[in-house]
Every structure is written in C-alpha cells, then in structure tokens.
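Working notes, structure below.
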Number of protein chains: 2
Amino acid sequence: MQLPASTYQPKTACSSCNLAELCLPTNLSEFETRKLDELSPLKRSFSRSDYLYRSGDKFRSLFAIHSGSFKTQILHEDGREQVTGFQMTGEIIGLDAISTDIHACEAVALESSVVCELPFNKLEALSREIPTLQRHLHKIMSREIVRDQGIMLLLGSMRAEERLAAFLLNLSQRFAARGLSTTQFELRMSRQEIGSYLGMKLETVSRTFSHFQSQGLISVKVRTIEIVNLPGLQACLNNSR
Amino acid sequence: MQLPASTYQPKTACSSCNLAELCLPTNLSEFETRKLDELSPLKRSFSRSDYLYRSGDKFRSLFAIHSGSFKTQILHEDGREQVTGFQMTGEIIGLDAISTDIHACEAVALESSVVCELPFNKLEALSREIPTLQRHLHKIMSREIVRDQGIMLLLGSMRAEERLAAFLLNLSQRFAARGLSTTQFELRMSRQEIGSYLGMKLETVSRTFSHFQSQGLISVKVRTIEIVNLPGLQACLNNSR
DNA sequence: CATCATTTTTGACATATATCAAACCCGTTT
DNA sequence: AAACGGGTTTGATATATGTCAAAAATGATG
C-alpha cells in the first residue's frame with residue numbers, strides 16, 4: 001500500500017481540460033474566459049492506488065478530476081481509517097486542506113485517472129476579479145458541506161440496507177449526470193472500501209448485496225452492478241424502521 | 001415544537017458585535033476595518049427552541065453566534081432527523097445554504113441566544129476587496145468540511161463509548177477556547193439530541209454516561225458534567241476494538 | 001495453463017446497541 | 001404542598017450487525 005505519493009508526469013498546459021465545462025461556471029464573458037486561462041491548469045496522470053496527496057502534505061492546489069475516480073479517506077491515530085468519499089469525473093477534491101494549509105485526508109486513485117491541478121492562490125486571485133467564479137467556488141464548497149451532512153444522516157440514522165441502497169442510488173444518479181447508464185455500472189471500489197464509507201463491515205456489504213439480489217432489486221456480479229428494480233431500491237430508503 | 005420561524009427583534013446595527021474579534025480576520029488595515037463596517041451586521045435575539053432558519057428558507061445571510069448556542073439538523077422525508085452539529089459563541093452557521101440558495105437544514109436555539117446576521121452578498125463583495133477576508137471565509141468553509149468529515153469518522157468507525165468520549169472532549173476543548181472551564185460545564189442539549197448527533201439512542205447515551213461515571217471518568221448530574229479523569233477519557237478514544 | 005494472492009461470498013456464532021417498559025427526578029404550575 | 005409533564009435513568013429482552021473462519025471466485029504471474 002506504500003506507493004509513491006504521486007506519479008509525477010511531465011506537466012502539460014491543460015487547454016483540452018475545458019474547465020468551464022467540467023467544473024467551473026458557464027456564462028462568462030469573453031474577457032472572463034480569457035482571464036480564466038491564466039489559471040493554465042496542469043494535467044497529471046495517476047494509476048490505480050497512486051496517491052494524489054497524502055494526509056500532512058502541504059496544500060497548494062485543488063484538483064479537478066478530468067477522468068477516472070478517487071477515494072478520499074482520513075486516518076485515525078490507531079490505524080482506523082474512514083473513507084469520506086468517492087469522487088468521479090468533474091468533481092473537485094482538496095477542499096478540506098484550505099482550512100489549515102495541510103491536507104487533512106488523503107486521496108487515492110481507484111483506477112487510471114487524470115486530474116487538473118488548480119493552484120489555489122491563482123484561483124482566489126481570479127475569483128476576486130470574476131464574481132461569477134467566486135460564487136461558483138463558494139457553491140462548490142457549500143455543496144461539499146451538504147454532501148457530508150447527508151452522509152452524517154446516513155451513518156447516524158440508517159440501517160445497513162438503507163445505507164447500501166442510498167449508496168447505489170447515489171452512484172446511479174451521478175453516472176446519469178455524466179450520460180452513462182443509470183442501471184448498469186462497474187464499482188471501482190472494494191467491499192472493504194464501501195464498508196468503510198458506509199460504516200459497516202465488508203461482510204455486511206457483501207451480504208446486503210446478496211440480499212438485494214435475492215429480492216430481485218439488483219443483479220450483482222462482483223463489481224458489476226445492474227439495478228433491476230429501481231423503484232424497489234428507492235422504496236428501501238423510505239422504509240424507516 | 002411548531003414555533004414561529006424567528007422571534008423578530010428590532011434590528012440594531014451591531015457595533016458592539018466585534019466581528020474582527022469574534023469570527024472574522026484580525027490583521028486588517030484601518031481602511032479594511034472601515035470597509036468591514038459596511039457589512040453593518042444586525043443583531044437578532046432568540047429564545048430556547050426558536051428557529052434561526054428552517055429547512056427550505058431562502059438563503060440570504062450567514063449568522064455569527066454572538067452568545068448562546070444552537071443545534072442544526074436535517075430532516076429526512078420519513079420524519080427521521082439528524083442533528084448535524086451544536087454551535088456556540090463565535091461560530092458561523094448557514095454555510096450549507098450557499099450551495100442552492102435554500103437552507104438545507106434548520107437551526108434551533110438551545111438557549112437564549114444572540115446572532116449577528118451577515119448578508120452574504122455583502123460578504124462576497126467585501127471579500128473581493130479584502131483578500132484577507134476572502135481567505136478567512138474560505139478557511140471557515142473548509143473547517144466546516146473537516147469537522148463534518150471528523151463526524152463521519154466518528155459515526156462510521158467508533159463504538160458508543162468512544163463517540164461519547166469524543167463528544168465530551170470536543171465540548172471541553174471548545175469551552176477552553178472560550179476561556180471557560182475545561183472540566184465542568186452544562187450541557188445545553190438533551191440526551192435525545194446528543195443521541196441523534198452521535199448516531200445512538202438516548203438510552204444508550206444515558207447508559208454510557210452512567211458507565212463513565214462508575215469508572216470515575218466523569219461525574220454526571222443530569223446536564224451538569226464534570227470531567228474527573230481527563231486522560232482517562234482521552235484513553236477511551238484510542239482504545240480501538 | 002497452473003499457481004498464487006486477493007477479494008468476495010457464505011455460514012455459525014457473539015455482542016453491542018436498540019427496543020420496550022417502568023420508575024425516577026426535577027422544574028413548573030395549580 | 002400536590003400534581004403534572006418532560007426528560008432521564010435503569011432493567012429485561014430482542015435484534016442487527018460484527019467476528020471468526022472457511023470456501024469460492026477472480027485476476028495476476030510465471
């Protein structure tokens with residue numbers, strides 16, 4: 001598991017990494033768009049299980065995932081670790097590090113991935129000049145807060161089945177937003193990682209998958225998931241105890 | 001529980017609400033400090049169980065707690081609710097609403113409290129002019145993300161005793177930061193609310209308090225807590241299973 | 001293709017926490 | 001002072017999920 005902190009790639013300016021489309025605001029004037037180019041984000045590539053950053057690293061940049069996916073996790077002194085999120089194309093990671101200028105969690109590639117590095121100083125300077133960008137940045141941070149609180153709800157008040165249903169439905173939605181299939185997808189993470197994220201043991205994750213399958217809600221073939229009965233899965237969520 | 005959304009008070013400009021000291025950056029130039037006055041935050045008072053805002057309310061302002069304390073919670077369709085935090089003097093609430101311009105959670109006063117209302121538009125405009133303020137705002141948002149992820153760790157991987165120990169130690173620290181006693185304090189929230197926050201039932205909260213007391217770690221008298229053996233309580237946290 | 005390491009599934013059993021219920025305590029109202 | 005009501009404590013029992021262990025499936029490697 002102790003891999004180099006990052007696979008350093010020759011850095012290339014990232015014109016193809018269309019920021020405006022990916023993750024930054026649309027509706028910018030020509031002038032503003034030109035300004036945005038000053039960011040000249042650099043692309044970096046990562047292989048499965050490479051670290052994008054580690055806990056304790058100095059904070060310099062946010063990262064926009066251009067392709068692939070990552071997990072973020074925090075480590076507790078005693079070795080426990082908690083996966084705090086799975087991020088995919090178009091999502092921004094590193095926001096937690098702004099608070100102390102040190103990365104609080106670590107980000108690990110779940111597959112071959114490319115990220116755009118967005119130097120935070122430049123981003124702040126630009127967002128002083130472009131109010132639309134400023135607002136957008138604030139919304140991204142706020143959205144992360146809302147997301148995290150949603151997970152608190154999940155961890156604090158849902159049973160194993162509900163958690164896993166919520167997880168699958170969330171993935172489904174995010175794939176949909178990217179024009180991918182809502183009902184059929186590949187999990188990029190292990191049962192262990194899902195379990196850490198959802199606050200349950202890997203065996204429970206596996207059993208719950210099997211149970212969903214036997215109910216005809218989904219079809220599981222290791223990491224290939226097909227949602228067979230979407231409304232049924234949604235109903236799982238609303239059946240509180 | 002259905003109280004008016006807020007107890008509307010005559011609004012008064014808030015010069016005594018020393019923002020710079022409370023929650024906003026120090027090290028501002030004279031000019032910047034003058035600029036900051038443009039915010040002219042208004043003070044509003046709340047009684048116990050008044051709502052500062054409700055889920056669904058339009059977002060206009062952040063709120064700095066001037067005195068007293070609040071809880072924030074999210075509501076799930078099926079009536080479940082999850083307390084997402086307890087906020088005290090000097091802390092900022094409302095950050096989650098930036099993302100959609102609608103408050104995602106609700107904030108309820110736990111005791112008589114006073115807040116400063118910080119209109120977000122003005123805050124954004126000012127932070128474009130004062131980089132120190134801009135960075136400060138970003139840090140506040142990022143700190144909230146880190147805090148939430150800490151709670152994810154707690155909910156996802158700790159046992160009841162560890163959760164409650166972490167909760168007490170966190171309160172203790174925050175009281176310390178305000179010059180109050182680290183070892184003796186009044187809980188402002190019910191067992192039920194603590195339970196919701198920590199993902200456990202109120203009976204389990206109560207039992208765990210009793211257990212800590214029988215171990216000589218704390219002394220509990222309903223809502224009055226005294227930490228008798230601080231290192232012992234800290235040790236609780238590090239004893240993973 | 002056989003071997004190996006890793007991940008996943010499944011089973012039997014243990015346990016932490018939830019549930020249900022009753023008693024108790026404390027502050028408030030009559 | 002007595003009665004009331006909400007919050008808290010404590011007990012007995014139920015249950016969801018964890019733990020430990022083995023087998024099965026999968027993918028990687030020589």
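Below, each value reflects all heavy atoms present in this structure, side chains not excepted, and no hydrogens, waters or symmetry copies. Letters go in sequence order (proteins before strands), and every chain restarts at 1.
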After noting the C-alpha distance and the side-chain angles of B:R80 and A:E162, does the key distance pass the side chain to side chain contact (heavy atoms under 4.5 Å, CB included) rule?
CA-CA 13 Å; B:R80 258 181 294 204; A:E162 301 176 295; 3.0 Å; yes
Please report the C-alpha distance between B:M152 and B:D148 in whole Å, then the side-chain angles of each, then the deciding distance to 0.1 Å, and finally whether the side chain to side chain contact (heavy atoms under 4.5 Å, CB included) criterion is met.
CA-CA 6 Å; B:M152 289 172 58; B:D148 291 349; 5.7 Å; no
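When the P atom of D:dT9 is taken as reference, atom NE2 of B:H211 falls 15 Å away, rounded to whole Å. Nucleotide C:dA16 holds its P atom 19 Å from the CG atom of B:L155, rounded to whole Å. In this structure, the NZ atom of A:K201 is 13 Å from the C1' atom of C:dT15, given to the nearest Å. The nearest whole Å value for the distance from the CD atom in A:E161 to the C1' atom in D:dT17 is 12 Å. Regarding B:R191, its CZ atom lies at a distance of 12 Å from the C1' atom of C:dC25, rounded to whole Å. In this structure, A:Q213 atom CD and C:dT8 atom P are separated by 15 Å, rounded to whole Å. Put simply, CD on A:Q192 is 14 Å from P on C:dT9, counting in whole angstrom units. Between the CZ atom of A:F209 and the C1' atom of C:dT10 there is a distance of 16 Å, rounded to whole Å.
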Distances under 3.5 Å between protein N/O atoms and the N/O atoms of nucleotides 10-13 of chain D, please, pair by pair.
from   : atom 1 : to     : atom 2 : distance (Å)
D:dT10 : OP2    : B:S210 : OG     : 2.5
D:dG11 : N7     : B:R207 : NH1    : 2.9
D:dG11 : O6     : B:R207 : NH2    : 2.9
D:dA12 : N6     : B:R207 : NH2    : 3.4

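Out of C:dT9, C:dT8, C:dT17, the shortest distance to the side chain of A:S190 is found at C:dT8.
Using cut-offs of 30° and 60° on the angle between ring planes, the pair B:Y53 and B:H103 is parallel.
Neither side chain, A:S196 nor A:Q82, offers a donor N or O lying under 3.5 Å from an acceptor on the other. A side-chain donor from one of B:T84 and B:T72 sits under 3.5 Å from a side-chain acceptor of the other. A donor-acceptor contact under 3.5 angstrom links the side chains of A:T224 and A:E186, judged on distance only. Checked by atom type, the side-chain pair B:E106/B:S55 shows no donor-acceptor distance below 3.5 Å. Side chain to side chain, A:H76 and A:E81 fail the donor-acceptor criterion of an N or O pair below 3.5 Å. If you check the side chains of A:E226 and A:T183, you find no donor sitting under 3.5 Å from an acceptor.
Residues B:F70 and B:I65 come closest through the heavy atom pair CD1-CD1, 3.6 Å.
Looking at heavy-atom distances under 4.0 Å, A:G199 makes contact with sugar-phosphate atoms alone, never a base. Within 4.0 Å of A:R223, counting heavy atoms only, lie sugar-phosphate atoms of the nucleic acid but no base atom.
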Could you encode protein contacts along nucleotides 24-30 of chain D as a string, one character per nucleotide from 5' to 3', using B for base contact, S for sugar-phosphate-only contact and - for no contact, with a heavy-atom cut-off of under 4.0 Å?
--S----
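For the helix from C:dC1-D:dG30 to C:dT30-D:dA1, the terminal axes (five pairs an end, C1' atoms, rotation from four pairs onto the next four) enclose an angle of 30°, given to 10 degrees.
Annotation: cation-pi geometry not satisfied between A:R178 and A:F175 (NZ/CZ under 6.0 angstrom from ring centroid, within 45° of ring axis).
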